K.L.:
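First the structure, then my questions, so here it is.
Predicted model only: the values in this text are computed from it and were never measured. Hydrogens, waters and symmetry mates are skipped; everything else that's a heavy atom, side chains included, is used.
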Amino acid sequence: QVQFVESGGGLVQPGGSLRLSCAASGFTADYYVIGWFRQAPGKEREAVSCVSNSFGRTYYADSVKGRFTISRDNDKNTVYLQMNSLKPEDTAVYYCAAALGLGSWVRIRQASGVDYWGKGTLVTVSS
């Protein structure tokens with residue numbers, strides 16, 4: 001059973017930075033993709049960024065390109081999301097997510113394609 005421990009959310013002023021962490025365990029698939037989704041009040045859950053376990057392929061939503069950086073520490077089975085130049089519109093609950101096996105690189109772009117979810121961590125960008 002895949003499980004996540006998320007941390008790093010909080011309140012930050014516009015222009016500030018936060019780093020989210022997702023410690024994962026229980027993977028048995030040879031290939032999987034881990035990433036972050038977010039959901040703002042009244043909006044659908046959207047993919048923010050993800051990274052594959054093989055070759056470290058990365059994906060970023062257009063809205064965060066150049067501001068967010070995803071990275072992984074395979075020894076610690078942890079994925080990080082460094083968020084810089086935060087904007088009020090980045091305010092949301094951020095969820096760690098994973099898709100496993102064949103087709104996961106494409107499936108994880110949509111919430112319906114995610115196999116496992118974390119509980120979420122709240123990020124609030126406000127002055």
K.L.:
Output all residues satisfying salt bridge (charged side-chain N to carboxylate O under 4.0 Å, His left out) with R67, sequence neighbours left out; order by chain, then residue number.
P.N.:
D90
K.L.:
So do the side chains of I34 and N53 get within less than 4.5 Å of each other, counting heavy atoms only?
P.N.:
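A side-chain contact under 4.5 Å is absent here.
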K.L.:
In sequence, state the C-alpha distance, the side-chain angles, and the governing distance for T121 and L20, and then conclude on side chain to side chain contact (heavy atoms under 4.5 Å, CB included).
P.N.:
CA-CA 8 Å; T121 184; L20 305 182; 4.0 Å; yes
K.L.:
Working to the nearest 0.5 angstrom, can you tell me the gap between K76 NZ and S25 OG?
P.N.:
15.5 Å
K.L.:
Is the closest side-chain heavy-atom distance between S49 and F68 below 4.5 Å?
P.N.:
no
K.L.:
Between F4 and A97, which heavy-atom pair has the shortest distance, and what is it?
P.N.:
CZ-C, 4.1 Å
K.L.:
Are V12 and V64 joined in one hydrophobic group, where the rule is that I, L, V, M, F, W and Y side chains link up if heavy atoms are under 4.5 Å apart?
P.N.:
yes
K.L.:
Which is it for Q82 and S17 under the side chain to side chain contact (heavy atoms under 4.5 Å, CB included) test, yes or no, and what are the steps along the way?
P.N.:
CA-CA 7 Å; Q82 178 66 43; S17 299; 3.9 Å; yes
K.L.:
Which value, rounded to the nearest 0.5 Å, describes the distance between R109 atom CZ and S104 atom OG?
P.N.:
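Going from CZ on R109 over to OG on S104, the span is 10.5 Å.
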K.L.:
Just checking, is any N or O donor in the side chain of Y94 or R38 under 3.5 Å from an acceptor N or O on the other one?
P.N.:
yes
K.L.:
Of the non-hydrogen atoms in W105 and C50, which two are nearest, and what is the gap between them?
P.N.:
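W105 and C50 have their closest heavy atoms at CZ3-SG, 3.9 Å.
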K.L.:
Under 4.5 Å side-chain heavy-atom separation, chaining through any Ile, Leu, Val, Met, Phe, Trp or Tyr, what else clusters with L102? Say none if it is isolated.
P.N.:
none
K.L.:
Calculate, to the nearest 0.5 Å, the distance between atoms OH and OG1 belonging to Y80 and T69 respectively.
P.N.:
14.5 Å
K.L.:
What's the separation between atom CG in N84 and atom CG in L18, rounded to the nearest 0.5 Å?
P.N.:
9.5 Å
K.L.:
Which other residues end up in the same hydrophobic cluster as L11, if Ile, Leu, Val, Met, Phe, Trp and Tyr are linked when side-chain heavy atoms come under 4.5 Å apart?
P.N.:
none
K.L.:
Hey, could you give me each pair passing ring-ring contact (aromatic ring centres under 6.0 Å, His included) that has a residue in residues 17-60? Not counting sequence neighbours.
P.N.:
F27-Y32, F37-W117
K.L.:
Hey, does the Lys NZ or Arg CZ of R45 hover above the aromatic six-ring of Y95, less than 6.0 Å from the centre and inside 45° of the axis?
P.N.:
yes
K.L.:
Can you tell me if CD on E44 sees more than 12 non-hydrogen neighbours from other groups inside 6.0 Å?
P.N.:
no
K.L.:
Closest approach of S21 and T78, non-hydrogen atoms and distance?
P.N.:
CB-CG2, 4.4 Å
K.L.:
Sequence neighbours left out, what passes salt bridge (charged side-chain N to carboxylate O under 4.0 Å, His left out) with D62? Give chain and number order.
P.N.:
K65
K.L.:
Determine whether T91 and V123 satisfy the following criterion, side chain to side chain contact (heavy atoms under 4.5 Å, CB included), listing intermediate values before the conclusion.
P.N.:
CA-CA 5 Å; T91 295; V123 172; 5.9 Å; no
K.L.:
Tell me, please, which residues at least two apart from D115 pass salt bridge (charged side-chain N to carboxylate O under 4.0 Å, His left out).
P.N.:
R107
K.L.:
What are the two closest non-hydrogen atoms of P14 and S127, and how far apart are they?
P.N.:
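Heavy atoms only, the tightest pair is CD-N, 3.7 Å.
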K.L.:
Is there a path of hydrophobic side-chain contacts, each under 4.5 Å between heavy atoms, that joins Y116 and V93?
P.N.:
no
K.L.:
Given V51 and V79, is the side chain to side chain contact (heavy atoms under 4.5 Å, CB included) satisfied, shown in steps?
P.N.:
CA-CA 8 Å; V51 59; V79 172; 4.1 Å; yes
K.L.:
Counting N and O atoms only, with roles assigned by atom type, does the side chain of N74 sit under 3.5 Å from a partner on the main chain of N77, one being a donor and the other an acceptor?
P.N.:
no
K.L.:
Could you tell me whether the side chain of P88 reaches within less than 4.5 Å of the side chain of S126, counting heavy atoms only?
P.N.:
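No; the side chains remain at least 4.5 Å from each other.
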K.L.:
Please answer whether the main-chain N or O of C96 pairs with a side-chain N or O of E6 as donor and acceptor at a distance below 3.5 Å.
P.N.:
yes
